[in-house]
Amino acid sequence: MPAKPSGLIKTSVIKKTQKNGDIYIIERQIKYDPEAQYNKVIASKLISKIPKGSETPVPTRPKRKKSTSSEEKSVIIEASRQRTGMMDIISHIGEVSGIDDAIYAATDRGTAQKIISLARYLLATNGQSLPGIQTWQYNHPLPYEDGITEEIYHNLFCRIGLDESLQQSFFKSRCDALSENDAIAYDSSTISTYSDNISDARYGFNKAHDGLKTVKLLTLYSIESRQPIAFTKQPGNLSDVTSVVNAINQLNALGVRTTEIVTDNGYYSEDNLSALLQAGFDFITLAKTSIKWIRNHIDEQIEALSDFRNTCPFDTSTKGVSVMVKHDFTKIRKYASHSSGASKGSEEIFSRRIYLNIYFNQAKQAADKIAFDADLYELKNLVESGIELTDLSEQAQNKVKKYFTIKKRGNKLTTIPNNEAIADANKYHGYFVLVSNKEKEPFECLRKYRKRETIEEFFKAEKQHTDGTRTRVWSSDTLRGRMFVQFICLCYYEYLSEEIRKLKQSLGKENGDSKHDTKDNIGKELELKSWLNNTPIYLQLQWFDTVENVNVSIKLKNKRWTSEVTARDSLYLEKLGVKLT
C-alpha cells in the first residue's frame, strides 16, 4: 500500500547542463499533487554554476528584478558639468613651461597638487581671495580632487613656510634655465599688514603710504626670458643695501655666478655698488643725475651728446656716450689686518673701474621740464594754502627748501622762486646715466636696461594678479608659504604673457607657405591679433571659461560633449597648442 502524501513542501538541489557546457546548480521547491499524482515545482532558484572544464561552483549574479512601467520612466542618471576651457589653457601652460614638473620634483604628490591647484585658482580668478575656492572648485577641475578648504590651505601654507628645501629646489630649477649671458632684474615691493604676529612686519618705507607695518618682498626676474626666478622676504625696515646683499647670497646659493643684475635708481647707492663689486657680480643701475660727481661727467659730455655719430641705432631720439672712470668705494673689514693695523669692522677704501653710460633724449627733456614745473607749481599752492611743511613728505620738504623762499605777510604766506636753483635743475632735464662695471658699449647697456623697464609691469602684476596687496595671514612662516603659492601663480602668468606676446608678433605675417599665406587665413590671424591687443590676459582666460564639458552616464551608456568654440577661438587654441578635454 503506497505511503500517504504528507502535503509538505520539499527542497531539492539539481544540476542541469547547459548548451555551452556550464552546469547550473538549481534549488527547487516541490509539492506532491494528489489529483495529478506527481510532484509540482513551486519555485526554482539558480544558486551557482560550475563553468565548463571546472569542478568548483562559482556564485552567479542575482536575477535582475523586473521593473514596473513607473520605474522604467525614472532611470537614475549620473551627470556632471565642468568649466574646462580656461582650465585646459592653464593646465597646458603648467605642463609646457615645466612649472608643474618642478613642483612635483620638489615635494610629495599631494602637496604639489594642492600648491598647483591654489596657484591655478589665483590665475583663473585674477587674484581673488582664497576663501572663494571652496565653491569655485565644484565646477572647475583642479589637480587636487579631494577638495580644498580653508583649513587645508592654511595648513599647506604652514608646511611650505617651514620647508625651505621645497622652495629653494623650485628656485634652483628656475635658475638652471638661465642663459649664459642672461641679466636679472631686481626689485622690491612692500606689503602692508595689520597683524602683530608677523615678525617681519615693521614700520619702515611703505610704498602704499597707508601708515601700516610692512613686509618687504624681493623678486628676481630673468630679463631675457622675462620670467620670475626667485623671491625672498625680509623685514620692512631693512635698508636697500641689505636687500641687495640678500639677493646676492641667494643667487650664490642657487649656483648663479656670472649673471648681471639690473636695478633702477631706487637701488643706486655707493653701499649697494660696493656690495655688488665685493660679491663679484656684474651690474647695471640707473643713477641719479643729481649726484655731484656724476653731474661733473655729464657737464664734460654735453658737446659729445649733440654729435650725430652718437645716435642710438634703435632709438634715434636718444644719443649716448660711455666714460670709464676709477671710483673709490668703501667696504667694512671682515678680518683684522696685522700689517696695516686695521681692526675688524673698520672701513676700508678700494678703487674699481666702472663705466658711466650717459644719455640725452630731447623728448624726455621736454617731458621732464613739464613734470618738474607742474610739481613745483603744486608745492607752491600747498605752501601758500597754509599747509605745514612737516605734513609734506621728506622729499617734498627738500624741494620746497631748495626751490622757494617762503615769506609771511600777516596771515598770508607767499613763495618766491629760487630761479638760479630751478635753472640749474632744468639744465639736466633729458639726461640719464646708467652705471655698470661691465657694459662699456652705451647702446647695449641701454638695450638691457630697457628690457628691465618692461619687467616693471611684471612687478605690478605680482600684486594685481596674485592677491598680493595684503598678507592675509597671521604668522611669518604661514606668510612665506602663501607667498610661495603666489609666486607659482606669477610664474604661470608671466609664461602665458610671454607666449601671447610672441603670438601677437607672429600673427598676420606671410611666411612663404602657400597654404598659410592665403588672404582668408591672414585675415583670420589679423582678427585674432586685434582681439589679443585689446583683451588683457585675465579677460582672455575668462572668455574661455564659458567652454563647458558635460558628462552624462547611466548603467549602459556614457556620453560626453564639450561646448563649441568660434573659428577665432579655435585659432587661438591651435596657436598655443591647447587641446580641449
Side-chain angles (χ1 to χ4, degrees), residues 1-85 87-88 91 95 100-101 104 107-114 116-117 134-135 137-149 151-152 547-564 579-581:
M1 183 178 179
K4 186 177 180 179
S6 65
L8 299 175
I9 297 174
K10 297 180 181 180
T11 301
S12 63
V13 176
I14 66 169
K15 295 181 179 180
K16 187 175 181 179
T17 303
Q18 305 298 304
K19 290 182 180 181
N20 63 358
D22 293 347
I23 299 174
Y24 281 6
I25 301 175
I26 302 172
E27 180 184 86
R28 283 181 176 176
Q29 291 181 333
I30 60 174
K31 183 178 180 182
Y32 182 75
D33 186 343
E35 292 183 5
Q37 295 185 350
Y38 64 84
N39 292 325
K40 283 188 175 181
V41 178
I42 297 174
S44 179
K45 180 182 179 182
L46 177 64
I47 57 176
S48 63
K49 72 176 181 178
I50 301 175
K52 182 181 179 180
S54 174
E55 297 180 356
T56 306
V58 296
T60 59
R61 67 172 175 82
K63 188 175 181 179
R64 184 180 294 116
K65 182 181 177 181
K66 188 175 181 180
S67 60
T68 64
S69 58
S70 61
E71 288 174 333
E72 289 174 351
K73 292 179 181 178
S74 59
V75 176
I76 297 176
I77 298 177
E78 293 183 0
S80 63
R81 174 176 56 84
Q82 287 191 313
R83 299 185 176 217
T84 57
M87 302 314 293
D88 284 339
S91 177
E95 180 181 346
D100 289 359
D101 286 343
Y104 281 115
T107 186
D108 65 89
R109 186 168 186 81
T111 300
Q113 288 177 336
K114 293 173 188 175
I116 292 170
S117 296
Q134 296 188 60
T135 54
Q137 64 190 323
Y138 282 113
N139 58 0
H140 292 87
L142 292 171
Y144 189 72
E145 297 178 344
D146 292 340
I148 295 178
T149 64
E151 181 182 6
I152 286 176
V547 178
E548 295 180 335
N549 181 289
V550 182
N551 194 321
V552 178
S553 176
I554 60 177
K555 282 190 175 181
L556 300 178
K557 294 181 181 179
N558 185 29
K559 293 291 184 181
R560 185 176 73 174
W561 64 89
T562 301
S563 309
E564 293 294 328
K579 293 183 178 179
L580 297 180
T581 56

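Numbers here are sequence positions counted from 1.
- Not a single donor-acceptor pair under 3.5 Å links the side chain of Asp22 to the backbone N or O of Pro51.
- We find the CD-CD1 distance between Gln113 and Ile148 to be 9.5 Å, quoted to the nearest 0.5 Å.
- Shown here for Thr84 and Pro141, the closest heavy-atom pair between the two residues is CG2-CG, 4.2 Å.
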Would Thr56 and Ile50 count as a side-chain contact (heavy atoms from CB on, under 4.5 Å) here? Give the steps.
CA-CA 6 Å; Thr56 306; Ile50 301 175; over 6 Å; no
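- With values rounded to the nearest 0.5 angstrom, Ile14 atom CD1 is found 11.0 Å from Glu27 atom CD.
- In this structure, Glu95 places its CD atom where only 12 or fewer heavy-atom neighbours from other residues, nucleotides or ligands lie under 6.0 Å away.
- Nearest heavy-atom pair across Gln18 and Tyr24 is NE2-CD2, 3.6 Å.
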Audit row: Gln137, Tyr144, side-chain contact (heavy atoms from CB on, under 4.5 Å) steps and yes/no
CA-CA 10 Å; Gln137 64 190 323; Tyr144 189 72; over 6 Å; no
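- With rounding to the nearest 0.5 angstrom, the CE atom of Met87 is 8.0 Å from the OG atom of Ser117.
- Two residues are said to be in side-chain contact when any heavy atoms from C-beta on lie closer than 4.5 Å; Thr149 and Gln134 meet this criterion.
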Worked verdict on Arg28 versus Thr11 for side-chain contact (heavy atoms from CB on, under 4.5 Å)
CA-CA 6 Å; Arg28 283 181 176 176; Thr11 301; over 6 Å; no
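- Between the side chain of Thr111 and the backbone N or O of Thr107, no donor-acceptor pair lies under 3.5 Å.
- Closest of all the heavy-atom pairs between Ile152 and Gly147 is CD1-O, 3.2 Å.
- In this structure, CD1 in Ile26 is found 12.5 Å from NZ in Lys49, a value given to the nearest 0.5 Å.
- Shown here are the side chain to side chain donor-acceptor pair (under 3.5 Å) partners of Asp88, two or more places apart in sequence or in another chain: Thr581.
- Between the CD1 atom of Ile25 and the CD1 atom of Ile47 there is a distance of 6.0 Å, given to the nearest 0.5 Å.
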